Amino acid sequence: MSNLFGITKKDLEEYFLGIGQKKFKATQVYEWIYQKRVFSIDLFSNIKKEVRDQLKQNFDTSFIEIVEKQEDELTKKYLFRLHDHEFIEAVVMMHDYGVSICISSQVGCNMGCKFCESGRLKKVRNLEAYEMVEQILAIEKDAGVRISSVVIMGIGEPLDNYDEVVRFISIINDAKGIQIGARHITVSTCGLVPKIYELSSLPIQINLAISFHAPNDELRSKLMPVNKVYSIKELIEAISYYLQVTSRRVTIEYVMLNNVNDSVEAAKELASLFKGMNIYVNLIPYNETNHLEFARSSKNKIHRFYDTLKQEGINVTIRKEFGTNIDAACGQLRGRRNK
Ligand code: SAH
């Protein structure tokens, strides 16, 4: 049985047509769920009881469960338990421009980036679309906020769960759904090249962020095993294609690891890769984890790296930090829970 919170409006319309009902019922269901925030089919009062009974037979409305919460002034981090007792995390951040949420797309991750906490625990399974939608619904309810932007940057590699992630995007972007605009949805990937090509033809033009983290294949392959499959050259070709097809700016994420990738030479080498491309580099202060071989670059070094990129004509920002006091580095809550 599929979960009601993971079905696109179009599929719900098909469903209603299939049981001899008007497809407008799908809009009504979407309004109950996403506008009125009523999650129980019994309460969909403008839908006849017999149709509601049929809905109940065909759709499940179970919810993921909040089991732990950590918060500081601007950040709340949630640990959820799924129906099969697996755990995932999401973080909500209050910005001056609105509220953003960082959600997980898989239970664990197989990409194996050396500095990342999430990858310590291998992928158990993909999340289904409803489990991504429910991270938003549950947090909005618990925190009493309306989320204005969504980044798929929590546990997991979203492009390794392509179909469900695309379904999720379609649900939250729907005009009768949570109404998150395409420009407020970001997918972050370690660089699954074929999927970047696929993503470029998505009708909903979302933001793409690439976890880059190193200016050459030698270092990138050491830090990120995926680079042994898709080299920097192939990745940049895919990014260029994405830029050309979508006319969107792509974000290049670069986590600052002390004495690993943070030299002036590294900044120059990075700049040379992206000359003339419509990208910007987001420098991420490393959240220190149990990977003791990695430490955060000093503020000075981060600024020196920033200045060098600027001088080389690259747009660059330094990520504002949220939640360093509450283990918000992704995978930390789940990591503790699974010990
Ligand atoms: N798999 C996707 C999305 C999840 S990781 C991806 O690779 O983009 C989200 C981002 O956090 C990536 O850029 C990742 O490299 C970065 N990251 C992982 N561990 C981190 C840490 N301890 N501190 C700062 N950033 C980290």
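Order of listing sets the numbers, starting from 1, for every ligand and every atom in it. Computed from a predicted structure; not experimentally measured.
Polar contact with ligand 1: absent for Glu117 (N/O pair, distance under 3.5 Å). For ligand 1, none of its N or O atoms has an N or O atom of Thr289 under 3.5 Å away.
Of the candidates Cys102, Ser188, Gly156, Cys113, Gly156 brings a heavy atom nearest to atom 1 (N) of ligand 1. The heavy atom nearest to atom 16 (C) of ligand 1, considering only Arg319, Arg296, Lys114, His213, is found in His213. The heavy atom nearest to atom 12 (C) of ligand 1, considering only Ser211, Ser105, Cys116, is found in Ser211.
Remark: ligand 1 atoms within the under-4.0 Å shell around heavy atoms of Met153 are 4 (C), 5 (S), 9 (C). Numbered from 1 in the order shown, with element, the atoms of ligand 1 that lie under 4.0 Å from a heavy atom of Cys190 read 6 (C), 7 (O), 8 (O). Atoms of ligand 1 lying under 4.0 Å from any heavy atom of Glu157, numbered from 1 in the order shown and given with element: 1 (N), 2 (C), 6 (C), 7 (O). For ligand 1, the atoms lying closer than 4.0 Å to a non-hydrogen atom of Gly154 are 4 (C).
Proximity of Glu253 to ligand 1, defined as any heavy-atom pair under 4.0 Å, is confined to the side chain (atoms from C-beta onward). At a 4.0 Å heavy-atom cut-off, ligand 1 touches Val255 through the side chain alone. Heavy atoms of Thr189 found under 4.0 angstrom from ligand 1 belong exclusively to the backbone.
When the side chains of ILVMFWY residues are joined at heavy-atom separations under 4.5 Å, either directly or via intervening members, Leu243 and Val245 end up in a single hydrophobic cluster. Val250 and Tyr280 fall into different hydrophobic clusters, where Ile, Leu, Val, Met, Phe, Trp and Tyr are joined by side-chain heavy atoms under 4.5 Å apart, directly or via other members. Connection of Ile239 to Val229 is established within a shared hydrophobic cluster, with ILVMFWY side chains joined at heavy-atom distances below 4.5 Å, either directly or through further cluster members.
Other residues, nucleotides and ligands contribute more than 12 heavy atoms inside 6.0 Å of the NZ atom of Lys122. Atom NZ of Lys69 has more than 12 neighbouring heavy atoms from other residues, nucleotides or ligands inside a 6.0 Å radius.
There is no side-chain donor-acceptor pair under 3.5 Å between Glu157 and Ser105.
Between Lys25 and Ile19, the closest side-chain pair of non-hydrogen atoms is not below 4.5 Å.
A parallel orientation is assigned to the rings of Trp32 and Phe44, their planes being inclined by less than 30° (bins at 30° and 60°).
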